[in-house]
Amino acid sequence: MLTVLVVLYDIEFMDSITLNTLYRLNLAGKLSNQCNLVIHNNGPRSLKDKFNTCSLVLNLREQFCQVSFKEDKNNSALSHVYNDLGKESSCLILDQDTTITLGYISSLESFMKTKEELLIPIVKVGSTFCYPKEKGKIVINMKEGIRPLNKVISIMSGTCIKPSLIDKLEQKFITTFDDRFAFYGVDTTFFLRCRRVKLKQYYLAAAIKHDLSSVTESELSNFRLEERLIDSVLQLRVYPSLGAIKGALLFMMSINKIRLLKHAKLLFKVFLIGKHPRLWDRNEK
(Lines give C-alpha, C1' and ligand atoms only; values in the text may rest on other atoms or scores of the structure.)
Protein backbone atom coordinates (compact mmCIF):
# COMPACT_ATOMS: atom_id res chain seq x y z
CA MET A 1 0.00 0.00 0.00
CA LEU A 2 1.15 3.54 -0.79
CA THR A 3 0.03 6.77 0.86
CA VAL A 4 0.50 9.87 -1.28
CA LEU A 5 0.68 13.17 0.62
CA VAL A 6 0.17 16.45 -1.23
CA VAL A 7 0.73 19.61 0.81
CA LEU A 8 -1.05 22.77 -0.36
CA TYR A 9 -0.39 26.35 0.72
CA ASP A 10 -2.36 29.43 -0.37
CA ILE A 11 -3.75 27.65 -3.41
CA GLU A 12 -7.04 26.11 -4.58
CA PHE A 13 -7.34 22.39 -5.34
CA MET A 14 -7.82 23.09 -9.03
CA ASP A 15 -4.66 25.20 -9.22
CA SER A 16 -2.33 22.52 -7.90
CA ILE A 17 -0.05 21.21 -10.66
CA THR A 18 0.53 18.09 -8.60
CA LEU A 19 -3.13 17.17 -8.11
CA ASN A 20 -3.84 17.76 -11.78
CA THR A 21 -0.98 15.55 -12.96
CA LEU A 22 -1.83 12.81 -10.45
CA TYR A 23 -5.30 12.68 -12.00
CA ARG A 24 -4.26 13.13 -15.62
CA LEU A 25 -1.64 10.37 -15.44
CA ASN A 26 -3.76 8.18 -13.13
CA LEU A 27 -0.96 7.28 -10.73
CA ALA A 28 -3.23 5.12 -8.57
CA GLY A 29 -4.46 3.13 -11.56
CA LYS A 30 -0.95 2.47 -12.82
CA LEU A 31 -0.01 1.16 -9.35
CA SER A 32 -2.98 -1.26 -9.32
CA ASN A 33 -5.11 1.11 -7.21
CA GLN A 34 -3.21 0.29 -4.02
CA CYS A 35 -2.99 3.98 -3.17
CA ASN A 36 -4.48 6.38 -0.67
CA LEU A 37 -4.27 10.14 -1.16
CA VAL A 38 -3.97 12.65 1.69
CA ILE A 39 -4.41 16.32 0.79
CA HIS A 40 -3.13 18.61 3.53
CA ASN A 41 -4.07 22.28 3.27
CA ASN A 42 -1.58 24.36 5.25
CA GLY A 43 -3.58 27.57 5.01
CA PRO A 44 -4.02 30.43 5.16
CA ARG A 45 -7.43 30.03 3.45
CA SER A 46 -9.76 27.21 4.38
CA LEU A 47 -10.59 24.68 1.66
CA LYS A 48 -12.73 22.47 3.86
CA ASP A 49 -16.05 23.52 2.30
CA LYS A 50 -14.72 22.85 -1.21
CA PHE A 51 -13.37 19.36 -0.54
CA ASN A 52 -16.69 17.65 -1.25
CA THR A 53 -17.59 19.78 -4.25
CA CYS A 54 -14.37 20.31 -6.22
CA SER A 55 -14.56 18.37 -9.50
CA LEU A 56 -10.84 17.52 -9.43
CA VAL A 57 -11.08 16.04 -5.93
CA LEU A 58 -14.17 14.06 -6.94
CA ASN A 59 -12.30 12.69 -9.95
CA LEU A 60 -9.33 11.73 -7.77
CA ARG A 61 -11.71 9.85 -5.46
CA GLU A 62 -12.58 7.59 -8.36
CA GLN A 63 -8.92 6.68 -8.85
CA PHE A 64 -7.59 6.31 -5.31
CA CYS A 65 -8.76 3.81 -2.71
CA GLN A 66 -9.33 6.69 -0.33
CA VAL A 67 -8.90 10.46 -0.50
CA SER A 68 -8.74 12.23 2.85
CA PHE A 69 -8.35 15.88 3.78
CA LYS A 70 -6.48 17.62 6.58
CA GLU A 71 -6.21 21.32 7.25
CA ASP A 72 -4.29 23.73 9.44
CA LYS A 73 -4.76 27.35 8.46
CA ASN A 74 -1.79 28.36 10.64
CA ASN A 75 0.82 26.83 8.31
CA SER A 76 1.98 23.81 10.33
CA ALA A 77 5.65 22.91 10.44
CA LEU A 78 6.29 20.53 7.55
CA SER A 79 8.17 18.20 9.87
CA HIS A 80 4.95 17.75 11.86
CA VAL A 81 2.83 17.28 8.74
CA TYR A 82 5.18 14.58 7.42
CA ASN A 83 5.49 12.81 10.77
CA ASP A 84 1.70 12.52 11.00
CA LEU A 85 1.71 10.07 8.08
CA GLY A 86 2.71 7.19 10.32
CA LYS A 87 4.32 3.96 9.12
CA GLU A 88 1.42 1.75 8.09
CA SER A 89 2.30 2.11 4.41
CA SER A 90 4.97 3.50 2.13
CA CYS A 91 4.80 7.31 2.01
CA LEU A 92 5.20 9.45 -1.10
CA ILE A 93 5.55 13.17 -0.32
CA LEU A 94 4.66 15.78 -2.93
CA ASP A 95 4.59 19.58 -2.96
CA GLN A 96 1.71 21.37 -4.66
CA ASP A 97 3.69 22.32 -7.78
CA THR A 98 5.37 19.10 -8.87
CA THR A 99 4.82 17.68 -12.35
CA ILE A 100 4.79 13.91 -12.15
CA THR A 101 5.93 12.10 -15.31
CA LEU A 102 5.13 8.69 -16.75
CA GLY A 103 8.81 7.80 -16.37
CA TYR A 104 8.65 8.64 -12.68
CA ILE A 105 5.54 6.50 -12.18
CA SER A 106 7.30 3.59 -13.88
CA SER A 107 10.28 4.07 -11.52
CA LEU A 108 7.96 4.18 -8.52
CA GLU A 109 6.28 0.97 -9.63
CA SER A 110 9.67 -0.75 -9.96
CA PHE A 111 10.83 0.60 -6.59
CA MET A 112 7.78 -0.78 -4.80
CA LYS A 113 8.75 -4.27 -5.97
CA THR A 114 12.31 -4.05 -4.62
CA LYS A 115 13.76 -4.32 -1.12
CA GLU A 116 15.09 -0.76 -1.33
CA GLU A 117 13.72 1.55 1.34
CA LEU A 118 14.12 5.03 -0.17
CA LEU A 119 13.29 6.46 -3.60
CA ILE A 120 14.66 9.84 -4.71
CA PRO A 121 13.76 11.33 -8.10
CA ILE A 122 15.87 13.40 -10.44
CA VAL A 123 14.46 16.92 -10.03
CA LYS A 124 14.45 19.42 -12.88
CA VAL A 125 13.37 23.05 -13.03
CA GLY A 126 12.71 23.66 -16.68
CA SER A 127 15.70 22.03 -18.37
CA THR A 128 17.98 22.54 -15.35
CA PHE A 129 18.98 19.57 -13.17
CA CYS A 130 18.72 20.57 -9.49
CA TYR A 131 18.61 17.40 -7.38
CA PRO A 132 19.77 15.06 -6.04
CA LYS A 133 23.14 16.41 -5.01
CA GLU A 134 26.08 14.24 -4.05
CA LYS A 135 28.70 15.88 -1.83
CA GLY A 136 27.19 19.25 -2.67
CA LYS A 137 27.36 18.85 -6.44
CA ILE A 138 24.47 18.28 -8.82
CA VAL A 139 25.01 15.03 -10.68
CA ILE A 140 23.51 14.85 -14.16
CA ASN A 141 23.11 12.01 -16.65
CA MET A 142 22.30 9.61 -13.83
CA LYS A 143 20.56 6.39 -14.75
CA GLU A 144 17.51 5.05 -12.94
CA GLY A 145 18.23 2.30 -10.44
CA ILE A 146 20.06 1.57 -7.22
CA ARG A 147 22.78 4.02 -6.19
CA PRO A 148 24.96 4.44 -3.08
CA LEU A 149 23.54 6.99 -0.66
CA ASN A 150 26.91 8.52 0.29
CA LYS A 151 26.37 12.24 1.02
CA VAL A 152 23.21 12.61 -1.03
CA ILE A 153 20.62 15.29 -0.30
CA SER A 154 17.46 16.23 -2.17
CA ILE A 155 14.08 17.86 -1.67
CA MET A 156 11.20 15.87 -0.22
CA SER A 157 8.83 16.29 -3.16
CA GLY A 158 8.86 13.03 -5.10
CA THR A 159 10.66 11.15 -2.33
CA CYS A 160 9.11 7.85 -1.25
CA ILE A 161 9.87 6.15 2.07
CA LYS A 162 9.05 2.56 2.97
CA PRO A 163 7.81 1.56 6.45
CA SER A 164 11.02 -0.34 7.25
CA LEU A 165 13.07 2.86 6.94
CA ILE A 166 10.52 4.84 8.93
CA ASP A 167 10.81 2.22 11.69
CA LYS A 168 14.63 2.49 11.76
CA LEU A 169 14.47 6.29 11.96
CA GLU A 170 11.87 6.24 14.73
CA GLN A 171 13.87 3.73 16.75
CA LYS A 172 16.90 6.02 16.70
CA PHE A 173 15.32 9.49 16.65
CA ILE A 174 11.71 8.89 17.89
CA THR A 175 10.39 10.74 14.81
CA THR A 176 11.18 10.25 11.12
CA PHE A 177 11.58 13.97 10.47
CA ASP A 178 13.35 16.30 12.88
CA ASP A 179 10.55 18.27 14.52
CA ARG A 180 12.93 21.01 15.65
CA PHE A 181 12.86 22.22 12.05
CA ALA A 182 9.77 23.73 10.45
CA PHE A 183 10.32 24.47 6.75
CA TYR A 184 13.84 24.80 5.39
CA GLY A 185 16.10 22.03 6.63
CA VAL A 186 13.39 19.42 7.05
CA ASP A 187 14.57 17.70 3.88
CA THR A 188 18.32 18.04 4.47
CA THR A 189 18.13 16.71 8.03
CA PHE A 190 16.02 13.77 6.84
CA PHE A 191 18.88 12.65 4.61
CA LEU A 192 21.39 13.24 7.40
CA ARG A 193 19.29 10.95 9.58
CA CYS A 194 19.18 8.30 6.86
CA ARG A 195 22.96 8.19 6.88
CA ARG A 196 23.02 7.96 10.67
CA VAL A 197 20.87 4.81 10.59
CA LYS A 198 23.43 3.47 8.08
CA LEU A 199 21.18 3.41 5.02
CA LYS A 200 23.64 2.43 2.30
CA GLN A 201 21.73 2.97 -0.93
CA TYR A 202 18.60 4.35 -2.54
CA TYR A 203 16.55 3.92 -5.70
CA LEU A 204 16.98 6.74 -8.20
CA ALA A 205 13.76 7.51 -10.07
CA ALA A 206 13.21 9.15 -13.45
CA ALA A 207 12.86 12.92 -13.51
CA ILE A 208 10.04 15.03 -12.16
CA LYS A 209 9.62 18.74 -12.84
CA HIS A 210 9.36 21.13 -9.96
CA ASP A 211 9.10 24.83 -9.16
CA LEU A 212 12.03 25.76 -6.91
CA SER A 213 12.11 29.34 -5.60
CA SER A 214 15.84 29.03 -4.89
CA VAL A 215 16.42 28.66 -8.63
CA THR A 216 13.88 31.14 -9.99
CA GLU A 217 14.31 34.01 -7.50
CA SER A 218 17.07 36.51 -8.33
CA GLU A 219 17.09 37.77 -4.71
CA LEU A 220 15.80 36.10 -1.58
CA SER A 221 12.67 37.61 -0.08
CA ASN A 222 12.88 38.60 3.59
CA PHE A 223 10.85 35.52 4.54
CA ARG A 224 13.06 33.09 2.60
CA LEU A 225 16.23 34.78 3.82
CA GLU A 226 15.13 34.45 7.43
CA GLU A 227 14.11 30.83 6.95
CA ARG A 228 17.43 29.91 5.33
CA LEU A 229 19.35 31.64 8.10
CA ILE A 230 17.34 29.81 10.75
CA ASP A 231 18.02 26.53 8.96
CA SER A 232 21.77 27.22 8.82
CA VAL A 233 21.97 28.09 12.51
CA LEU A 234 19.84 25.12 13.56
CA GLN A 235 21.95 22.70 11.58
CA LEU A 236 25.06 24.10 13.27
CA ARG A 237 23.41 23.49 16.65
CA VAL A 238 21.75 20.12 16.03
CA TYR A 239 23.96 18.50 13.38
CA PRO A 240 27.38 20.13 13.85
CA SER A 241 29.98 19.33 11.22
CA LEU A 242 32.67 21.03 9.18
CA GLY A 243 30.28 21.01 6.24
CA ALA A 244 27.56 22.75 8.26
CA ILE A 245 30.04 25.40 9.46
CA LYS A 246 31.36 26.00 5.96
CA GLY A 247 27.88 26.16 4.44
CA ALA A 248 26.61 28.62 7.06
CA LEU A 249 29.64 30.89 6.76
CA LEU A 250 29.54 30.97 2.97
CA PHE A 251 25.82 31.74 2.98
CA MET A 252 26.14 34.51 5.57
CA MET A 253 29.09 36.04 3.73
CA SER A 254 26.94 36.26 0.59
CA ILE A 255 24.28 38.37 2.34
CA ASN A 256 24.24 42.14 2.66
CA LYS A 257 25.57 42.94 6.14
CA ILE A 258 22.64 45.24 6.95
CA ARG A 259 20.12 42.50 6.09
CA LEU A 260 22.12 40.00 8.12
CA LEU A 261 22.35 42.22 11.20
CA LYS A 262 18.56 42.62 11.25
CA HIS A 263 18.30 38.91 12.01
CA ALA A 264 21.23 38.65 14.45
CA LYS A 265 19.18 38.68 17.68
CA LEU A 266 16.73 36.08 16.36
CA LEU A 267 19.50 33.80 15.15
CA PHE A 268 21.28 33.94 18.50
CA LYS A 269 18.07 32.88 20.24
CA VAL A 270 17.45 30.10 17.68
CA PHE A 271 20.90 28.70 18.41
CA LEU A 272 20.32 28.99 22.15
CA ILE A 273 16.91 27.28 22.15
CA GLY A 274 17.67 24.79 19.38
CA LYS A 275 14.29 24.90 17.61
CA HIS A 276 12.58 26.89 14.89
CA PRO A 277 10.83 29.98 16.37
CA ARG A 278 7.44 28.68 15.24
CA LEU A 279 7.97 25.75 17.61
CA TRP A 280 8.98 27.74 20.68
CA ASP A 281 6.82 27.45 23.76
CA ARG A 282 5.36 30.68 25.07
CA ASN A 283 7.72 30.73 28.02
CA GLU A 284 10.68 30.56 25.64
CA LYS A 285 9.72 33.67 23.64
Side-chain angles (χ1 to χ4, degrees), residues 4-7 9 16-22 24-25 27 30 78 82 91-112 114 116-161 165 177 183-195 199-221 224-225 227-228 231-232 235 243-244 246-248 250-251 254:
V4 180
L5 169 69
V6 178
V7 181
Y9 180 76
S16 168
I17 295 172
T18 307
L19 292 178
N20 277 284
T21 54
L22 284 177
R24 179 169 54 83
L25 297 181
L27 179 142
K30 289 180 172 62
L78 291 178
Y82 298 162
C91 299
L92 169 59
I93 296 171
L94 293 168
D95 291 344
Q96 64 190 20
D97 46 15
T98 298
T99 301
I100 299 298
T101 62
L102 287 172
Y104 173 83
I105 294 176
S106 178
S107 297
L108 180 61
E109 187 175 18
S110 298
F111 164 73
M112 295 297 289
T114 70
E116 300 308 313
E117 299 176 296
L118 177 67
L119 175 142
I120 305 172
I122 297 170
V123 180
K124 297 175 69 177
V125 176
S127 59
T128 303
F129 289 87
C130 296
Y131 289 98
K133 295 181 180 180
E134 294 184 4
K135 298 181 181 179
K137 296 182 179 180
I138 300 168
V139 183
I140 61 175
N141 298 325
M142 296 181 291
K143 294 183 180 180
E144 173 192 346
I146 299 169
R147 291 182 58 87
L149 186 65
N150 294 327
K151 292 187 177 181
V152 168
I153 63 167
S154 188
I155 59 173
M156 290 316 302
S157 193
T159 298
C160 187
I161 314 163
L165 177 55
F177 294 89
F183 305 109
Y184 285 71
V186 174
D187 44 12
T188 304
T189 54
F190 167 78
F191 292 104
L192 289 174
R193 286 183 165 199
C194 285
R195 294 202 289 272
L199 184 69
K200 300 297 184 183
Q201 55 196 33
Y202 70 99
Y203 194 98
L204 180 68
I208 59 173
K209 294 181 179 181
H210 189 67
D211 176 22
L212 283 175
S213 58
S214 60
V215 175
T216 57
E217 283 187 354
S218 58
E219 183 178 352
L220 286 173
S221 66
R224 295 190 186 280
L225 173 60
E227 288 299 323
R228 284 193 60 183
D231 172 35
S232 296
Q235 289 199 44
K246 181 181 178 181
L250 288 174
F251 178 53
S254 70

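Each residue takes its place number in the sequence, starting with 1. Values in this document were obtained by computation on a predicted structure and should not be read as measured data.
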Colleague: Test of understanding: with side-chain contact (heavy atoms from CB on, under 4.5 Å), list the residues that count as partners of Gln201, not counting sequence neighbours.
Modeller: Glu116, Ile146

Colleague: Let's go through Tyr9 and Asp97 carefully: what are the C-alpha distance in whole Å and the side-chain angles of both, what is the deciding distance for side chain to side chain contact (heavy atoms under 4.5 Å, CB included) to 0.1 Å, and is it a yes or a no?
Modeller: CA-CA 10 Å; Tyr9 180 76; Asp97 46 15; over 6 Å; no

Colleague: For Leu94 and Ile208, run side chain to side chain contact (heavy atoms under 4.5 Å, CB included): C-alpha distance rounded to whole Å, both residues' side-chain angles, the deciding distance at 0.1 Å, then the answer.
Modeller: CA-CA 11 Å; Leu94 293 168; Ile208 59 173; 5.6 Å; no

Colleague: Only pairs at least two apart or in different chains count here, so list each salt bridge (Lys or Arg N to Asp or Glu O under 4.0 Å) that has a residue in residues 117-130.
Modeller: Glu117-Lys168

Colleague: Kindly indicate whether the side chain of Leu204, heavy atoms from C-beta on, has any atom under 4.5 Å from the side chain of Pro132.
Modeller: yes

Colleague: Just verifying a value: how many Å separate Tyr104 OH and Cys160 SG, rounded to the nearest 0.5 Å?
Modeller: 6.0 Å

Colleague: Go through the steps for Tyr202 and Thr159 under the test side chain to side chain contact (heavy atoms under 4.5 Å, CB included), then give the verdict.
Modeller: CA-CA 10 Å; Tyr202 70 99; Thr159 298; over 6 Å; no

Colleague: Give, for atom NZ of Lys209 and atom CD1 of Ile17, the distance between the pair rounded to the nearest 0.5 Å.
Modeller: 11.0 Å

Colleague: Which pair of heavy atoms, one from Ser16 and one from Val6, lies closest together, and at what distance?
Modeller: OG-CG1, 4.5 Å

Colleague: Of all heavy-atom pairs between Ile138 and Cys130, which one has the smallest distance, and what is that distance?
Modeller: CG1-O, 3.5 Å

Colleague: So, applying side chain to side chain contact (heavy atoms under 4.5 Å, CB included) with Val4, which one of Leu92, Ile100, Ile93, Leu108 is it?
Modeller: Leu92

Colleague: Please assess Leu192 against Gln235 for the test side chain to side chain contact (heavy atoms under 4.5 Å, CB included), listing each intermediate value before the final yes or no.
Modeller: CA-CA 10 Å; Leu192 289 174; Gln235 289 199 44; 4.1 Å; yes

Colleague: Is the closest side-chain heavy-atom distance between Lys200 and Leu149 below 4.5 Å?
Modeller: no

Colleague: What pairs with Ala206 under side-chain contact (heavy atoms from CB on, under 4.5 Å), at least two apart in sequence or on another chain?
Modeller: Ser107

Colleague: Could you check whether any side-chain heavy atom of Val7 comes within less than 4.5 Å of a side-chain heavy atom of Tyr82, counting everything from C-beta outward?
Modeller: yes

Colleague: Got a second to check how far Leu119's CG is from Ile161's CD1, nearest 0.5 Å?
Modeller: 10.0 Å

Colleague: So do Cys91 and Leu5 actually touch side chain to side chain, heavy atoms under 4.5 Å?
Modeller: no

Colleague: Measure the spacing between CZ of Phe177 and CZ of Arg193 and express it to the nearest 0.5 Å.
Modeller: 9.5 Å

Colleague: Under the side chain to side chain contact (heavy atoms under 4.5 Å, CB included) test against Thr99, which residue among Thr21, Thr18, Asn20 passes?
Modeller: Thr21

Colleague: Mind listing the closest non-hydrogen atom pair of Gly185 and Asp231 along with its distance?
Modeller: CA-OD1, 3.2 Å

Colleague: Can you list everything that forms a side-chain hydrogen bond (donor to acceptor under 3.5 Å, both in side chains) with Asp187? Sequence neighbours excluded, please.
Modeller: none

Colleague: Using 0.5 Å steps for rounding, measure from the OG atom of Ser154 to the CG atom of Leu118.
Modeller: 9.0 Å

Colleague: Can you name the closest pair of heavy atoms from Ala207 and Thr101 and give their distance?
Modeller: O-OG1, 2.7 Å

Colleague: Would you say that Tyr131 contacts Val125 through its side chain, given a criterion of any heavy-atom pair below 4.5 Å between the two side chains?
Modeller: no

Colleague: Listed by chain and number, what are the side-chain hydrogen bond (donor to acceptor under 3.5 Å, both in side chains) partners of Tyr203, not counting sequence neighbours?
Modeller: Glu144

Colleague: Has the side chain of Ser106 got a donor or acceptor atom that lies under 3.5 Å from a matching backbone atom of Leu102?
Modeller: no

Colleague: Listed by chain and number, what are the side-chain hydrogen bond (donor to acceptor under 3.5 Å, both in side chains) partners of Asp95, not counting sequence neighbours?
Modeller: His210

Colleague: In Å and rounded to the nearest 0.5 Å, what is the CG to CG distance from Leu22 to Leu27?
Modeller: 6.0 Å

